[in-house]
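Beneath this line is the structure, given in structure tokens, with notes to follow.
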Amino acid sequence: MYQSEMVSRQSLPDREQREAALAAAGYNVFGLSAADVRTDLLTDSGTGTMSTDQWAALLGGDESYAGSESFERLERAVADILGFDRIVPAHQGRGAEHLLYGALVKEGDIVVANTHFDTTRAHVAEAGGRPVDCPVDGAFDLSAEGPFTGNLDIETARERIEAVGRDRVPAIVVTVTNNSAAGQPVSVANVRRARELADECDARLVIDGCRFAENAWFVRERESEFEGVAIDDIVREQASYADAMVVSGKKDGLANAGGFIGVADRADEDDLFTRLRERAILYEGFYTYGGMAGRDMAAMAVGLREAVEPAYLDHRIGQIRELADLLEARGVPVYRPVGGHAVYLDAGAALPQIPREQFPGQALVCAAYREGGVRAVELGGFAFPGTDRPEFVRLALPRRRYHREQLEHVAETFGAVVERSESVGGFEVVDQPEREALRQFSATLRPVE
Ligand code: F0G
């Protein structure tokens, strides 16, 4: 559905150069130079291609410190698309999380969520709280086929809340789609029940809406109440239950930078909006830019509207499914059903000879880079030490960036690795940062002899 108005040249360094680049990066693909990567599936965050309308808006960006017209445009877009009349802008999603969880959470609190995304978990903990995950059964089961395995397990959440006492639960978080659980969607019915639970406990309901539009696409496909309902109506319905919605504009804002918190009118009790604005001034920038350039706000205002266009979403989810089918046709084990922003591979099944202590996911990621210059990311035993997360490897697809040929190249690359899987060896950590939770980003490794 697109034609190119601008192109950038790509090349594939030869195998020897790739091998050298990988070794120099300490077998951690976060350390690679992007110039040495042919197809970059590290993340779908901020890596998408902007439309000509976004570029046009960008040129008209208003860089005023206070009261920027681009901010007002962004406000109007959020009100139209998500239904929040009040927003607090931030430089990206985690900036918004820092503002929100710092305002809500105090020492000794717990926050329950379907699954906290890494940065959400870190900000809850940083504010003194304990993040508690309550995913539904099957969320991490590679063979579970369910329409909404991203959901919050309401009963487990209630039990965990009762166990600590309601007054220690400031927030219930529902992440749509559930990035940590293979990008699986969350139903509107589940969000309604989370709202009821929040009311019972006098807690805030927070939606992490980074991928609100992709989630709505699945709701229309799978939740009978919403069959034939327009995507933008579903988006507003789902958002209407939240007291606050945290959004990284780098995903369904179709922007390269930025984020915001949408604050509902009902969340006025203890002046949440005012407190968030104050924190924004302290940590992000004035409350009419929050660390974003006016240009970025203008581009995101257009991107939010494009993200709910049905043709765009059909193409977007269609590409993810196409990639999954191409991979599967070449014998690569894929997590089904496929989620909204990425294809998740089962590295444990792809490389069964490598024990968990030797990071089969990282081995698969390194082998794919070596084989075809494809960059993916490990989300298993290496990224989440001390957990029993499956050995996921995530292939996150940037929005509107790659074409069928590149998807074929990715499938051929992983297919070739899996075909010679017995020749792929494991890894051990050489050096890792003090905060083990962040080791995925900066640890260095070496092949096990
Ligand atoms: N919440 C979710 C569900 C996310 O996936 C992310 C980022 C954030 C919050 C933080 O937003 O990056 O703008 O600060 N996810 C990226 C990823 C990094 O690769 O999945 P941010």
Side-chain angles (χ1 to χ4, degrees), residues 29-30 34 40-48 88-102 111 113-126 131 133 135 139 150-152 171 173-186 191 206-215 238 242 244-262 280 283-284 290-292 296-297 299-300 303-304 307 320 339-344 365 375-380 383-384 389 392-399 401 437-438 440-442:
V29 292
F30 278 96
D40 202 349
L41 308 185
L42 187 71
T43 180
D44 64 321
S45 180
T47 52
V88 180
H91 75 281
Q92 62 182 81
R94 68 199 70 184
E97 291 178 328
H98 178 220
L99 301 183
L100 184 66
Y101 297 112
V111 171
N114 50 348
T115 316
H116 291 79
F117 177 69
D118 318 11
T119 55
T120 319
R121 187 181 309 282
H123 279 297
V124 168
E126 195 82 0
D133 289 344
N151 278 357
L152 172 72
V173 180
V174 183
T175 305
V176 309
T177 56
N178 192 343
N179 186 5
S180 308
Q184 295 298 312
V186 174
V191 170
V206 176
I207 295 183
D208 178 332
C210 291
R211 300 178 179 86
F212 68 87
E214 291 166 6
N215 197 77
Q238 191 146 36
M245 188 184 236
V246 188
V247 178
S248 162
K250 303 172 72 164
K251 284 85 170 173
D252 281 350
L254 301 184
N256 299 124
F260 59 87
I261 309 165
Y283 296 115
E284 295 289 312
M292 283 180 277
D296 292 331
M297 295 191 283
M300 198 203 298
L304 287 166
I320 311 275
H341 66 299
V343 176
Y344 288 69
V365 167
R375 177 156 65 172
V377 72
E378 197 269 4
L379 293 177
F384 301 108
R389 293 277 182 99
F392 280 148
V393 165
R394 185 184 77 171
L395 312 186
L397 211 54
R399 293 169 181 78
R401 176 159 171 190
L438 298 182
Q440 159 199 22
F441 304 109
S442 57

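As the structure lists them, so they are numbered: ligands from 1, and atoms in each ligand from 1.
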Checklist entry - Looking only at heavy atoms of H341, does any of them come nearer than 4.0 Å to an atom of ligand 1? => result no
Checklist entry - Roughly how far, to the nearest 0.5 Å, is the CZ atom of R375 from the OG1 atom of T43? => result 10.0 Å
Item to check | Contact atoms of ligand 1, heavy-atom distance to T175 under 4.0 Å | outcome: 3 (C)
Item to check | Shortest non-hydrogen contact from G46 toward N256 | outcome: O-ND2, 3.0 Å
Checklist entry - Counting from 1, what ligand 1 atoms have a heavy atom of K250 closer than 4.0 Å? => result 13 (O)
Item to check | Short N-O contact, E214 and R399, less than 4.0 angstrom | outcome: yes
Checklist entry - What is the closest protein heavy atom to atom 18 (C) of ligand 1, and at what distance does it sit? => result R94 NH2, 3.8 Å
Checklist entry - Can you tell which of K251, K250, R394, R211 makes a side-chain hydrogen bond (donor to acceptor under 3.5 Å, both in side chains) with D44? => result R211
Item to check | salt_bridge(D133, R121) N-O dist < 4.0 Å | outcome: yes
Checklist entry - Which atom pair, heavy atoms only, marks the closest approach of M292 to P89? => result CE-CB, 3.6 Å
Checklist entry - Tell me, which protein residue and heavy-atom name are nearest atom 21 (P) of ligand 1, and how many Å apart are they? => result Q92 NE2, 3.3 Å
Checklist outcome for this item: min-distance protein heavy atom vs atom 10 (C) of ligand 1 -> T119 OG1, 3.5 Å
Checklist entry - Contact between C210 and ligand 1, counting heavy atoms under 4.0 Å? => result yes
Checklist entry - Is the side chain of E284 donor-acceptor paired with the backbone N or O of G291 at a distance under 3.5 Å, no angle test? => result no
Checklist entry - Closest approach of S180 and H116, non-hydrogen atoms and distance? => result OG-O, 3.5 Å
Checklist entry - If we only count N/O pairs under 3.5 Å, is K251 in contact with ligand 1? => result yes
Checklist entry - How far apart are the closest heavy atoms of S45 and S248, and which atoms are they? => result OG-OG, 4.5 Å
Checklist entry - Between F117 and ligand 1, does any nitrogen or oxygen pair lie at a separation below 3.5 Å? => result no
Checklist entry - Would you say ligand 1 has an N or O under 3.5 Å from any N or O of S248? => result yes
Next on the checklist: For R394, which part has a heavy atom under 4.0 Å from ligand 1: side chain, backbone, both, or neither?
Outcome noted: side chain
Item to check | atom 1 (N) of ligand 1 [closest protein heavy-atom partner, distance rounded to 0.1 Å] | outcome: D208 OD2, 2.6 Å
Item to check | Option with minimal heavy-atom separation from atom 9 (C) of ligand 1, where the choices are R121, E97, H98 | outcome: E97
